[in-house]
Amino acid sequence: MAMNGKGYLDASTLPVKEFDGIIIGGGGSGLMSSLQLAQSGMNTAVVSKVFPTRSHTVSAQGGITCAIASADPNDDWRWHMYDTVKGSDFIGDQDSIEYMCQEGPATVFELENMGLPFSRTEEGKIYQRAFGGQSKDFGKGGQAERTCAAADRTGHALLHTLYQANVKAGTNFLSEWFAIDLVLNADNQVTGVIAFEIESGEAFFLKAKATVLATGGAGRIYKSTTNALINTGDGTGMALRAGLAVQDMEMWQFHPTGIHGAGTLVTEGCRGEGGYLVNKDGERFMERYAPNAKDLASRDVVARSMMLEIIEGRGCGPEADHCFLKLDHLGADLLHKRLPGITELSRTFAHVDPAEQPIPVVPTCHYAMGGIPTNVHGQVITQQSDGSDSIVGGLYAAGEAACVSVHGGNRLGGNSLLDLVVFGRSAGMHIEESFKNGIDIKDPTKDDVNNALKNINKVNASSEGENSSKIKKDLQETMQLSFGVFRTEENMEKGIKVLDEIRSRTENIHLADKSSRFNTARVEALELLNLLEVAEATAISAYERKESRGAHSRDDFPERDDENWLKHSIYFKESKEVTKRDVNFRPKLVQAFQPFARTY
Amino acid sequence: MNTIAVEQITTLKMSIYRYDPDTGNKPFMQDIDIDIPKDKDIMVLDALQLAKEKDSSISFRRSCREGVCGSDGMNINGKNGLGCITPLSEVVRKNKLELRPLPGLPVVKDLIVDMTQFIDQYKKIRPYLIADKESDSTAIPQTIEDREKLDGLYECILCGCCSTACPSFWWNPDKFLGPAALLQAYRFIADSRDTAREERLDQLEDAFSVFRCHGIMNCVSVCPKGLNPTKAINEIKKMLVKRAL
């Protein structure tokens with residue numbers, strides 16, 4: 001039934017569409033899951049609020065990190081695993097990291113076979129470039145070149161290739177459909193989702209025995225972000241409202257090189273190709289902070305170093321509020337061949353030609369290491385009151401929305417694309433297997449469905465209150481001020497208080513336009529509900545993690561505290577409390593890597 | 001955007017195409033004045049967002065806001081382009097900005113067009129690699145030179161600016177594949193890894209699929225990624241002619 005005026009949606013008249021599996025999100029992880037399922041002949045649908053190739057995976061630039069041994073025939077997935085564990089500041093789950101690094105090469109070759117136009121080496125192999133935090137021989141063999149690249153448009157090439165493979169496989173797309181809330185049954189199993197077709201405004205219960213949340217990131221909780229406007233944490237919001245746990249939400253990556261003012265991303269591949277950062281004196285300051293890796297230290301380290309330069313008055317520009325990324329010494333030829341997209345973006349958004357002038361850059365919100373906790377099969381995990389893990393029946397998550405925890409406290413560049421494809425596929429494989437063995441999920445009652453309609457009915461029925469756009473701006477401003485690169489207790493307390501006020505205002509959100517057809521105001525109002533859940537989870541988790549680790553840096557607790565915090569943080573919406581969860585130190589094929597002081 | 005002090009503001013006169021078939025009203029142009037910063041060259045999409053803050057019912061697509069996702073193709077003061085990477089300074093004349101949906105496709109609402117026909121044409125060219133290869137966990141080798149043949153082709157973002165600027169596509173949107181689909185057809189024909197070149201050419205041999213292109217080159221002039229569909233189409237035509245001789 002089309003939503004119109006203040007019309008109320010009710011389970012007794014809501015149309016139902018039934019599938020074996022539904023995948024919410026048409027980015028890299030969603031399309032990898034759907035490909036797996038379409039090839040197995042299951043009745044599946046990809047529910048995406050944008051046409052799939054508009055998903056944010058398209059913006060990934062530098063590459064996909066994986067030990068395929070093109071650049072170095074002796075490269076080893078165990079070295080990649082070591083780097084990833086160290087990069088995570090030791091709260092990445094080592095079973096997951098092992099799985100990703102070991103499964104990676106087969107997946108990358110599969111993508112190449114599907115048609116992904118990787119750049120090539122002289123020998124006709126897939127081109128790999130250096131990225132931050134990469135080493136050979138467990139940190140002892142110097143800088144590695146492990147990131148497989150299609151120029152600086154790897155995400156675009158990957159997403160289009162996956163979309164094309166899905167076209168070939170006959171995947172069923174529900175393009176421009178917005179998923180609102182999960183439908184849980186009496187056993188707290190997920191039985192599908194309430195969604196509406198944006199074009200017609202018609203709402204449905206999409207019923208399925210397996211639902212995959214592949215909804216991507218939520219960078220739009222910050223004012224300045226590299227993320228697309230659609231990155232509003234819809235899956236994370238849905239999971240929180242369904243009473244499920246989220247994990248490590250305080251861990252937000254600030255990418256060192258967002259274009260100053262615009263926030264658009266400039267790939268770490270620029271530094272991988274030989275570019276470097278300078279302060280207002282032209283000093284290559286990373287030599288001071290990371291004498292070995294220099295500009296290719298981990299992102300958290302580089303972002304903090306840049307912020308310190310700015311805070312200490314060595315920033316560039318009239319406001320001394322950014323740094324410069326120098327690429328001109330690389331020559332126009334190399335820029336044209338390896339970094340054509342960056343050249344284009346710099347001209348458009350910074351009005352500079354990187355072959356001639358440096359690019360003004362500043363650390364910018366980029367990636368959520370945290371998210372919905374899962375195991376390596378993508379099955380969503382929640383925490384029982386006694387602190388034990390339990391699997392949420394019928395629900396999977398993959399990609400940035402998930403926290404299988406391969407990134408822990410800090411993600412290495414190029415690991416997000418690998419995470420997407422490896423765990424998107426593993427979720428698909430597990431669903432396929434489960435169907436073979438038979439899935440037993442109880443049907444939801446009418447009340448269960450009506451529960452999932454509460455939010456949309458409230459928004460549709462609103463007759464007075466505030467417009468969502470102003471509330472969203474205030475939320476983004478608050479997160480930027482209080483939960484940025486450096487965090488202080490006082491600021492965080494203030495931020496949490498403001499978010500509390502924002503929650504009250506959001507309760508009274510007013511949807512002025514009640515029309516059915518392609519009503520983007522309705523979409524934006526619902527997105528705000530998700531942004532708020534993610535922002536509050538971030539704020540409270542950040543306040544509670546009383547140490548500095550990975551991307552989470554506090555002035556009152558400047559040291560890493562392994563005794564108390566070598567743990568995941570777990571947050572629930574209802575209680576607004578943070579508990580701890582053990583980090584996995586049980587890889588299957590190698591000895592676990594034990595924590596040590598992290599320097600680059 | 002930061003809050004701006006009053007003296008730095010100027011007014012932009014926007015005129016936006018509005019249409020919601022559900023209302024039964026005819027399409028109309030809505031005039032809306034917005035305040036924009038004087039010293040900063042914002043993008044058309046930024047201006048549109050400011051207009052939406054005034055009237056939340058204005059509908060348009062947008063996602064990446066950096067010119068790579070292809071959502072916000074629209075007709076800007078008479079020329080197709082992406083709102084997010086078109087600075088006002090490039091298009092605004094006499095302080096006026098007129099925004100209309102991409103021409104030639106059915107309008108769903110306001111600036112949103114129905115892309116079905118456009119995507120259907122894309123799907124027709126079998127936009128995926130066809131290669132006879134066992135899956136054995138190795139890459140198909142490709143030389144640097146062969147890979148370079150894909151540059152200028154694979155970067156297409158499917159925004160639709162080119163096909164909807166093409167008179168041949170307007171006349172025969174079902175039979176002429178249009179510049180976007182043909183650019184991708186050539187992307188796979190040119191890929192050294194693809195083993196279905198002849199079948200792909202067979203599919204394009206009729207009088208319409210490719211040959212309705214008359215080299216008008218509107219596609220080249222509007223492509224926001226600087227790609228050249230006409231050149232790709234000519235390459236296909238050459239291959240077809242050579243084959244026929």
Side-chain angles (χ1 to χ4, degrees), chain A residues 4 50-51 53-56 58-59 68 70 105-106 108-110 112-115 117-126 150-151 153 155-157 160-161 164-165 167-168 199 228-230 262 264-265 340-341 344-345 348-349 351 467-470 512-513 515-521 524, chain B residues 20-23 40-41 43 49 52-53 55-71 85 87 108-110 112 114-115 119 122-123 126-129 131 133 135-144 146-147 150-151 154-158 187-188 191 193-194 225-226:
Chain A
N4 203 348
V50 292
F51 180 76
T53 61
R54 323 292 190 214
S55 307
H56 188 54
V58 82
S59 291
I68 60 163
S70 274
V108 168
F109 292 132
E110 193 186 331
E112 190 281 334
N113 291 179
M114 276 179 216
F118 281 113
S119 301
R120 298 288 168 153
T121 65
E122 293 289 347
E123 301 84 48
K125 294 178 182 169
I126 294 172
R153 301 187 176 104
H156 169 279
H160 280 252
T161 301
Q164 293 161 352
V167 167
K168 189 179 182 185
E199 179 172 333
L229 294 157
I230 58 168
T264 41
L265 174 69
E344 212 177 294
L345 283 170
T348 307
F349 289 103
H351 312 292
N467 178 304
S468 66
S469 70
K470 173 75 173 77
D513 176 10
S515 63
S516 334
R517 182 173 282 250
F518 226 112
N519 184 337
T520 51
E524 287 180 20
Chain B
D20 181 350
D22 287 352
T23 62
K40 205 178 149 203
D41 193 11
M43 301 292 174
Q49 308 252 44
K52 191 174 170 68
E53 281 177 21
D55 179 349
S56 67
S57 71
I58 302 171
S59 293
F60 50 91
R61 294 187 175 107
R62 84 286 182 276
S63 174
C64 75
R65 61 81 175 90
E66 58 187 21
V68 290
C69 81
S71 295
I85 52 168
V108 174
K109 185 187 179 187
D110 301 344
I112 295 167
D114 182 348
M115 302 282 282
I119 296 298
Y122 169 71
K123 286 179 181 169
R126 294 191 287 172
Y128 40 79
L129 193 75
K133 180 184 177 290
S135 58
D136 59 353
S137 267
T138 58
I140 308 170
Q142 187 171 45
T143 64
I144 290 176
D146 278 340
R147 170 59 184 77
L150 308 184
D151 286 340
Y154 82 97
E155 301 93 324
C156 172
I157 58 174
L158 300 177
R187 177 248 174 275
F188 287 100
D191 195 321
R193 300 170 297 171
D194 195 270
K225 305 306 285 181

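Letters A, B, ... mirror the listed sequences (proteins, then strands); counts begin at 1.
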Practice problem: Let me know if Arg187(B) has heavy atoms under 4.5 Å from chain A in its side chain, its backbone, both or neither. | Solution: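 Just its side chain gets close to chain A.
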Quiz item: Under a 4.5 Å heavy-atom cut-off, does chain A meet the side chain of Phe60(B), its backbone, both or neither?
Solution: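 Backbone only.
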Quiz item: Is it true that Arg120(A) and Glu112(A) make a salt bridge, defined as a side-chain N closer than 4.0 Å to a carboxylate O?
Solution: yes
Quiz prompt | Salt bridge present between Lys470(A) and Glu53(B) (N-O < 4.0 angstrom) | solution =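 No salt bridge links Lys470(A) with Glu53(B).
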Practice problem: For Ser57(B) and Lys52(B), test the side chains for any donor-to-acceptor distance below 3.5 angstrom and give the result as yes or no. | Solution: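 Looking only at side-chain atoms, Lys52(B) and Ser57(B) do not form any donor-acceptor pair under 3.5 Å.
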Quiz item: Under 3.5 Å, is there a donor-acceptor pair between the side chain of Ser70(A) and the main chain of Ile126(A)?
Solution: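 Checking the backbone N and O of Ile126(A) against the side chain of Ser70(A), a donor-acceptor pair under 3.5 Å is found.
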Given that the side chain runs from C-beta out, which part of [X] has a heavy atom under 4.5 Å from chain B: side chain, backbone, both or neither?
X	answer
His156(A)	side chain
Leu265(A)	backbone
Phe118(A)	backbone
Asn467(A)	side chain
Thr121(A)	backbone
Ser469(A)	side chain

Closest approach of [X] to [Y] (non-hydrogen atoms, all atoms of both residues):
X	Y	result
Lys133(B)	Asp136(B)	NZ-OD1, 2.6 Å
Asn4(A)	Ser515(A)	OD1-CA, 4.3 Å
Leu158(B)	Met115(B)	O-CE, 3.8 Å
Ala521(A)	Asp513(A)	CB-CB, 4.5 Å

I'd like to verify something: which residue of [options] has the highest number of heavy-atom pairs under 4.5 Å with chain B?
options	answer
Pro117(A), Ser59(A), Ala106(A)	Pro117(A)
Ala157(A), Gly124(A), Ser468(A)	Gly124(A)
Thr264(A), Val108(A), Asn113(A), Asn519(A)	Asn113(A)
Gln164(A), Lys168(A), Arg517(A), Glu110(A)	Arg517(A)

Only pairs of heavy atoms separated by less than 4.5 Å count here; which of [options] has the most with chain A?
options	value
Thr138(B), Ile112(B), Ile119(B), Thr23(B)	Thr138(B)
Asp41(B), Thr143(B), Val68(B)	Val68(B)
Leu150(B), Ile85(B), Asp194(B), Asp191(B)	Ile85(B)
Gly70(B), Ala131(B), Gly67(B)	Gly70(B)
Pro141(B), Ser71(B), Ser63(B)	Ser63(B)
Lys123(B), Gln49(B), Arg62(B)	Arg62(B)

Quiz item: Counting only heavy atoms not in Glu123(A), do more than 12 sit closer than 6.0 Å to its CD atom?
Solution: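 Counting other residues, nucleotides and ligands, CD of Glu123(A) exceeds 12 neighbours.
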Quiz item: With a distance cut-off below 6.0 Å to the six-membered ring centre and an angular limit of 45° from the axis, does Arg147(B) pair with Tyr154(B) as a cation-pi contact?
Solution: yes
Quiz prompt | Lys109(B) and Glu199(A): CA distance, side-chain angles, deciding distance, salt bridge (Lys or Arg N to Asp or Glu O under 4.0 Å) verdict | solution = CA-CA 9 Å; Lys109(B) 185 187 179 187; Glu199(A) 179 172 333; over 6 Å; no
